[in-house]
K.L.:
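Provided herewith is a single structure, encoded as C-alpha cells, for subsequent inquiry.
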Amino acid sequence: MADMHSPTAAAPSVIRRADYRAPDWLIPDIALDFDLDPALTRVHATLSVTRNGDHERPLRLDGDGLIPLEVKVDGRILDQQQWHLDAGALIIPLSGDAHSVETLVELAPESNSKLMGLYASGGLLCTQCEAEGFRRITFFSDRPDILSRYSVRLAADKARFPILLANGDPIEQGDLDGGRHWALWNDPFPKPCYLFALVAGDLACNADRFVTMSGREVALGIWVKENDLPRTAHAMEALKNSMAWDERVYGREYDLDVFNIVAVADFNFGAMENKGLNIFNSRYILADPETATDIDYDGVEGVVAHEYFHNWSGNRVTCRDWFQLSLKEGFTVFRDQNFSADMGSHAVKRIEDVRILRAAQFQEDSGPLAHPIRPESYMEISNFYTSTIYNKGAEVIRMMALMLGAERFRAGTDLYFDRHDGQAATCEDFVAAMEEGGGIDLGQFRLWYEQAGTPHVRALLTHDPLTQSVELTLEQTIPPTPGQPVKQPMAIPLRTALFDPATGGHRGDELLMLTEAQQRFTFTDFASTPILSINRGFSAPVIVETNRSQADLAFLSARDDDPFARYEAMQQLMVNVLVGRIAGQQVDESAVVAAIRAMLTDPTLDPAFVAETIRLPSEAYLGDQMPVVDPDAIHAARDALQARIGAELEPLWRDVHAKTKANAFAISPAAKGARKLHNAALHYLVAAGAPDGPAIAFTQFGEADNMTERQAALGTLANGDSAEREAALDIFYNRYCADALTLDKWFQTQAFALHPDVADQVEALGRHKDFTLTNPNRVRALYGAFAGNQWGFHHESGKGYRLVADCIIALDKLNPQTAARLVPPLGRWKRFDQGRAAMMRAELQRILAEPGLSKDVTEQASKSLE
Ligand code: 0A1
Ligand code: ZN
C-alpha cells in the first residue's frame, strides 16, 4: 500500500467546456482497409484533410496505444523526423491546405479487455467507438465535430467470419486467396467517428423489411448466433414499431437502404447507435418467455427504439463536443419513453420512469458526483454517461414539451432537425429552436442546463373562509453541489389541481410556473379548504414537500384523476408511516392498509397500475428521506409494515394471486399487468409469514410458463431461509447454467436478496466457477446489484464496502469503464453514520492508492472523497 510520502501518478488533466475551439483540420473523407484477425489486425487508413481557418498548426491525429508502422502524405512515405507522437497522438506538420494522409497500424483485438475500439466477443470481432474508442483503431481527429464520409473495406477468413458488416450500404464483396474474403461498405452520410462500426463473425440473420413513408424499402437485419435466432422476434417488432412511430410523431424517416443490428455478449453499456449498424448488448435484443422477464421485454423494446431514434437525434444531428452529450441522450431518452408509453400504458410508464429517476438521478444529484446536464468539465468522458445526462436530460426536454404543448413542440423539433441536419450542434441550438419554433422565451429555463442539484419545492396551502380564497405559497431552494455553492431560482412548471373533498372533483388542471424563490398563487371561490394535487404527472424533476395530512393523501390515493399523482399520494402515505416508525413515533398504519385494500378491490383499475402503487417505497428511497440513512432501521420498519399489510389482507392476497394466474403466455400490456399483480400478491403473502408462503412461492416457481413469474418467486424465496429457497436456486442454476444471460439472473437475484447474510453470499458467488470479471453483464449482475442493495451493501461490518472495492481494484486492470461505474455507491458516505462513512472513505482511499489506477476510476474515486 502507498504511504503518504510515496509519489502519486500525475493527476489526469481536466477538459473544460469553455475551452472548446473549432478543429484545425477537417477530414471530409476517410477510406479504411481492415485485414481482420483476432490476434493481429492491420488497419490502413487514408484521410483527406483540409486546413480549417488561417493558422499554421500541424495536423494532430488522436491515437491511444497505436504505433504508426507507416505514415504517408500525398502518397509519399514520411521518414521518422517528419512526424512524432505526443501523448499517443500523431503530429504531422503540413504546409499546404489539403492533403491525403495515410497510416498503417496493427491491433490485437483478442487481447482488448477494455471493450473499447476493436475487440473480440464470443468468436465475433466488433467495435465500440463512443466516446473515444476510434483512436484505439486508427489515428484520427477523435472529436464529434469532425464529420467524414466513410468507405470501409473488410477482409477476413471466410470460414470463421462469413459475415462482414459496416456502416451504411453494402457495395461489393468477393473472395480472396487463402480462404479469405472481403466486403466493401459505403456510408453516404458524413458522420463523427464515434458512430463508426464494424462486425465480423459467424452470424445468423432475422431478416425483414420496412417501407418508409415516402415508399422506400429498407432491408432490416438482426444478427445473432444461430441458436439465438428464435429470441429476436420481439426486437424486430420493436424496430418496425419504432420506425413507424418516428415517422408519425416526429416526421422522421429512415435514410439508408439497410438497417442492421448485431447482438454481442460482452458490452460495456446497453447498446450503441452506430449509423446503420447498431451494436447491442445481447440482453437488449434476446427475449423469449422462457428466459426473459416482462422488464426484459420492455427493456428490449425501449433500447431498440432508443438506438433507432438516435438516427435523427444523435446521428443526422450530432453533438459539437461531449459537453453536449445530453443534446442527443436526454432528447433520445425522452423520445423512447414516449414511444414505450404509446406501446403500453402512459400511467405505468411514467411511474416506472420516475422511480428510476429518483433511484439513480436524485441520488447522483445529491452526492459528490452531482453535475449539470451540460457539465462544465470532465477528466474521463465515459464517466459522464450518467443518469443526470440521460434521465434528468429527458425530464428537461419533457418540461419544454409541456410548456410548449404538442403542436408547438413539434414545430420546435422540426426546426431543430431541419436547421441542424448534417451538423454537430449544441444544447443551446436545441433550446433556441424550441424558442423560435414554439414562440416562447426560455431565458430563465436555461438554468436547467447549468445548475446541478434537485430543486426542493415547499408548497403551503392556506384557506381564508372570509374571502373564500385559497393561497398557495411555493418556495424553491436548490441545494449546493460541487463547484456550485449558490443557486439561482429556476423556472419550474408545476401541474396543479385543487380538489373539493365534498364533491371529489376539481375545476381543472393548471400549469403554475414557479420562477421566483418564493411565489404566491391565489384561487378564489373556495368555501372550504381544498386538497392540493401538485406536480401532477411529475411535471418537473423536483422534490415537493407539502403540509398535506395523511387523510388528504388517502383521499388523493383514492380519488386523484391524474394517475401519477394518485400513485404519488399513496407513496407519500407510506413514506410518512415508515419514516415516522423509524423515528420511533406512534404511527397509524391502518390508513396504508385501507388504501391498499381499496386499490385491490377496485375493478376499474389497471392491474399494472395497482401493482405499482401498492408496492412499498424501496429501502433506498426511504434512506433518501432521512437526514442520516439508517439501513437496519429502514429494513426493519419496512419489513414490519410489509408483514402487517400481508397479514391483514391475507385472504385478499390469496384471492388476487389465484385470479391473476394466466392460462397461456402473452406479451400484451394486460397480460404483463396481471403478472405484475400476481407477483405482488405472492410477495405480500410470503411477507405475511403465512406457513404455506414458501410452498406457494415454490409452486409458482415450478409451474410458471414464463420468467417473470419464475424469477419473482425465486426472488421472494431468496429473501428468507427455507428448504424451498435452496431447492429453487439449485433448479434455476441447473436449468440455465449454459445460458449466460439467464444465469446472470441467478447471480442478480441472490445479490439483491434482502437476506441478512447477503454479503457473505455475494463473497462466495464472486468465487463461483461461473463468475467472471471479463463479462460486464456478469459483473453488474453480482456486484452492481449488490451495491444497490442498501441493507446488504451497508452491512455494519463494512464487509459490503470491501467486497465492492476489491472488485473495482481487480476489474480496473481489465475494464476501467465498467470498474468506474461501481464507484458511486461508495461515494455516498456523507449520507451515513460516522462509522460507515469512515469505512467507505477508507475503501475509496485504498482504491486510489492502487498503482496504475485508470483515469476512469481515479476521477470517480477522488471526486467521491471530496
Ligand atoms: N450512445 C449509447 C451509449 C453508449 C455509450 C458508450 C458506449 O461505450 C462503451 C456504449 C454505449 C446510447 O445512448 O445508447
Ligand atoms: Zn443514447
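Nothing here was measured: the structure is a model prediction, and the numbers come from that model. All ligand and atom numbering here is 1-based and tracks the order in the structure.
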K.L.:
What residue and atom, counting heavy atoms only, is the protein's closest point to atom 14 (O) of ligand 1, and at what distance?
P.N.:
Glu307 OE2, 2.5 Å
K.L.:
With heavy-atom distances below 4.0 Å as the criterion, list the atoms of ligand 1 near Gln128.
P.N.:
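Counting from 1, the qualifying ligand atoms are 6 (C), 7 (C), 8 (O), 9 (C), 10 (C).
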K.L.:
Which bit of Ser382 is near ligand 1, meaning a heavy atom under 4.0 Å away: side chain, backbone, both or neither?
P.N.:
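No part of Ser382 comes within reach of ligand 1.
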K.L.:
Do Tyr250 and Ser313 get their side chains close enough for a donor-acceptor pair, meaning under 3.5 Å?
P.N.:
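There is no such pair (donor and acceptor under 3.5 Å, judged by atom type) between the side chains of Tyr250 and Ser313.
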K.L.:
Any Lys/Arg nitrogen of Lys114 or Asp64 sitting under 4.0 Å from an Asp/Glu carboxylate oxygen of the other?
P.N.:
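Between Asp64 and Lys114 there is no salt bridge, as every charged N stays at least 4.0 Å from the carboxylate O atoms.
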K.L.:
Check ligand 1 against Lys328 and write out every atom of the ligand that is under 4.0 Å from a heavy-atom position of the residue.
P.N.:
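Close to Lys328: 1 (N).
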K.L.:
Is there at least one pair of N or O atoms, one from Asn268 and one from ligand 1, spaced under 3.5 Å apart?
P.N.:
no
K.L.:
Side chains of Cys193 and Tyr150: closer than 4.5 Å at any heavy-atom pair?
P.N.:
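SC-SC contact between Cys193 and Tyr150 confirmed.
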K.L.:
Checking a contact table here: which protein heavy atom is nearest atom 12 (C) of ligand 1, and how many Å away?
P.N.:
Tyr390 OH, 3.4 Å
K.L.:
State whether the shortest distance between N or O atoms of Ala271 and N or O atoms of ligand 1 falls below 3.5 angstrom.
P.N.:
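N/O-N/O distance below 3.5 Å exists for this pair.
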K.L.:
If you measure every N or O of Tyr385 against every N or O of ligand 1, does any of those distances drop under 3.5 Å?
P.N.:
no
K.L.:
Return the name of the atom in His310, of element N, O or S, nearest to the Zn ion (ligand 2).
P.N.:
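Result for His310 and the Zn ion (ligand 2): NE2.
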K.L.:
Using heavy atoms and a threshold below 4.0 Å, how should the contact between Glu130 and ligand 1 be classified: side chain, backbone, both, or neither?
P.N.:
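The answer is both.
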K.L.:
Does anything in residues 300-324 form a salt bridge (charged side-chain N to carboxylate O under 4.0 Å, His left out)? List the pairs, not counting sequence neighbours.
P.N.:
Asp255-Arg316, Arg316-Asp421
K.L.:
Less than 6.0 angstrom from the centroid, inside 45 degrees of the normal: does Arg335 satisfy that with respect to the ring of Phe339?
P.N.:
no
K.L.:
With Phe334, which of Phe430, Phe409, Phe309, Tyr390 fulfils ring pair (Phe, Tyr, Trp, His ring centres under 6.0 Å)?
P.N.:
Phe409
K.L.:
As a test of reading the structure, name the N/O/S atom of Glu329 that is nearest the Zn ion (ligand 2).
P.N.:
OE1
K.L.:
As an exercise, identify every atom of ligand 1 less than 4.0 angstrom from a heavy atom of His306.
P.N.:
12 (C), 13 (O), 14 (O)
K.L.:
Less than 4.0 angstrom from a charged side-chain N to a carboxylate O is my criterion; do Arg149 and Asp187 meet it?
P.N.:
no
K.L.:
Would you say the side-chain atoms of Thr388 and Glu364 include a donor-acceptor pair closer than 3.5 Å?
P.N.:
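The answer is yes; a qualifying pair exists.
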